[in-house]
Amino acid sequence: MKEQQQKQQMVELARSLFERGYSVGGAGNLSVRLDAQRILVTPTGSSLGRLQADRLSVLDMQGNLLEGDKPSKESVFHLAMYQTNPTCQAIVHLHSTYLTALSCLQGLNPDNAMQAFTPYYVMRVGQLPIIPYYPPGDINIARELGERANTAKAFLLANHGVVVTGSDLIDAVDNCEELEETAKLYFILQGQAIRYLSDDEVNFLKNRGK
Ligand SMILES: O=C(CO)COP(=O)(O)O
Ligand SMILES: [Zn+2]
């Protein structure tokens, strides 16, 4: 995809997420690989509903700003994930309501905050490990995500939100939407007997894919 088209796609996908209530204010950030040497990332403090293509930040893999506005304070974790996982082509970080609520619960399994009870959760994401709480922009978030970026497609940031990866920006956004909907179902089902998918059912879906 040409760089200008990729910028326009980021603006449109971010606006769609904002307009449907997946983000508010300046929360959240998106990034996508432009090529082997550069990434495109949303500027710090920007509303996902009001991005401007010509102000999006372009960074080299060392985090140097090549063009656009000052990048997201989380660009360090985006870069750490790209450096660890070559298959990760795009990253969406949101404070979406139900995943953020989930990130605030005590007693979750740190290896997987949500056991699978729907096929699309398995097909798109599969598991949701938890990164311990650090303040937004803290280098430890980048350290933890950089170390684990090969082990899962999405991560819950304790008391903060979610980080979801994809094979391109549309895939990362679709994965994030599916995950938020799964978290919503999780809360709707609280107090009721959930029929979780069996290991065989999960493995069948993992082997078959989307
Ligand atoms: O969600 C955020 C930090 O975790 C938003 O920060 P930025 O505006 O710097 O991207
Ligand atoms: Zn955040």
Side-chain angles (χ1 to χ4, degrees), residues 6-7 9-34 38-83 88 90-105 108 113 125 128-149 152-166 169 172-173 175-177 179-180 183:
Q6 183 62 81
K7 290 181 176 179
Q9 183 190 65
M10 178 176 278
V11 169
E12 290 166 9
L13 287 171
R15 184 188 307 124
S16 174
L17 286 168
F18 180 86
E19 289 175 349
R20 289 179 292 142
Y22 287 95
S23 83
V24 296
N29 36 74
L30 281 65
S31 72
V32 63
R33 282 189 202 265
L34 288 173
R38 299 176 305 151
I39 70 163
L40 184 67
V41 61
T42 50
T44 190
S46 57
S47 161
L48 298 188
R50 297 189 293 275
L51 295 175
Q52 297 172 49
D54 60 351
R55 300 185 64 173
L56 295 175
S57 313
V58 178
L59 305 181
D60 68 16
M61 298 313 282
Q62 287 67 49
N64 299 305
L65 181 63
L66 304 175
E67 61 181 86
D69 287 358
K70 186 180 175 191
S72 166
K73 66 171 77 64
E74 302 291 13
S75 48
V76 274
F77 86 54
H78 289 250
L79 286 163
M81 297 183 79
Y82 288 127
Q83 278 150 4
C88 172
I91 300 169
V92 173
H93 165 52
L94 293 176
H95 303 177
S96 53
T97 303
Y98 290 95
L99 284 166
T100 305
L102 181 68
S103 78
C104 297
L105 289 181
L108 295 175
V125 177
L128 190 56
I130 304 173
I131 303 295
Y133 176 75
Y134 299 99
D138 190 288
I139 192 66
N140 286 298
I141 300 177
R143 177 182 53 75
E144 293 257 9
L145 287 170
E147 287 168 1
R148 301 167 67 172
K153 291 176 70 174
F155 297 86
L156 210 52
L157 304 183
N159 302 90
H160 180 166
V162 73
V163 175
V164 186
T165 64
L169 194 53
V173 168
N175 292 341
C176 202
E177 290 183 24
L179 198 52
E180 172 67 5

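Numbering of ligands and ligand atoms starts at 1, following listing order.
Atoms of ligand 1 found under 4.0 Å from any heavy atom of G26, numbered from 1 in the order shown, are 5 (C), 8 (O). Within ligand 1, counting atoms from 1 as listed, the ones closer than 4.0 Å to a heavy atom of H95 are 1 (O), 2 (C), 4 (O). Ligand 1 places these atoms under 4.0 Å from at least one heavy atom of P136: 3 (C), 4 (O). Each of the following atoms of ligand 1 lies closer than 4.0 Å to a heavy atom of H160: 4 (O). Proximity to H93 (heavy-atom distance under 4.0 Å) selects the following atoms of ligand 1: 1 (O), 4 (O).
No side-chain donor-acceptor contact under 3.5 Å links Q9 and E12.
With R143 contributing its side chain and D138 its backbone, the two residues share no donor-acceptor pair below 3.5 Å. Looking at Q83, its side chain does come within 3.5 Å of a backbone N or O of M61 through a donor-acceptor pair. At distances below 3.5 Å, not a single donor-acceptor pair connects side-chain atoms of S23 with backbone N or O atoms of L94. With hydrogens and angles disregarded, no donor-acceptor distance shorter than 3.5 Å links the side chain of T44 to the backbone of S72.
At the Zn ion (ligand 2), the vertex angle linking NE2 of H95 with NE2 of H160 is 100° (nearest 10 degrees).
Atom 10 (O) of ligand 1 has its closest protein heavy atom at S72 OG, 2.7 Å. With respect to atom 9 (O) of ligand 1, the closest heavy atom belonging to the protein is T44 OG1, 2.6 Å. Atom 6 (O) of ligand 1 has K73 NZ, 3.2 Å as its closest protein atom, hydrogens excluded (heavy atom only). The protein atom (non-hydrogen) at minimum distance from atom 8 (O) of ligand 1 is G45 N, 2.7 Å. Among all protein heavy atoms, the one lying closest to atom 4 (O) of ligand 1 is E74 OE2, 2.6 Å. Ranking protein heavy atoms by distance to atom 2 (C) of ligand 1, first place goes to N29 ND2, 3.5 Å.
Within 6.0 Å of atom OH in Y134, more than 12 heavy atoms from other residues, nucleotides or ligands are found, so the atom counts as buried in its surroundings.
Electrostatic pairing of R20 and E180 does not count as a salt bridge here, judged by no charged N lying under 4.0 Å from a carboxylate O.
Residue G28 places at least one N or O, backbone or side chain, under 3.5 Å from an N or O of ligand 1.
Counting just the N/O/S atoms of H93, the one with the shortest distance to the Zn ion (ligand 2) is named NE2.
Taking the six-membered ring where tryptophan is involved, the planes of Y82 and H78 are tilted, since the angle between them lies from 30° to 60°.
Side-chain contact between L40 and S57 is absent, with no heavy-atom pair separated by less than 4.5 Å.
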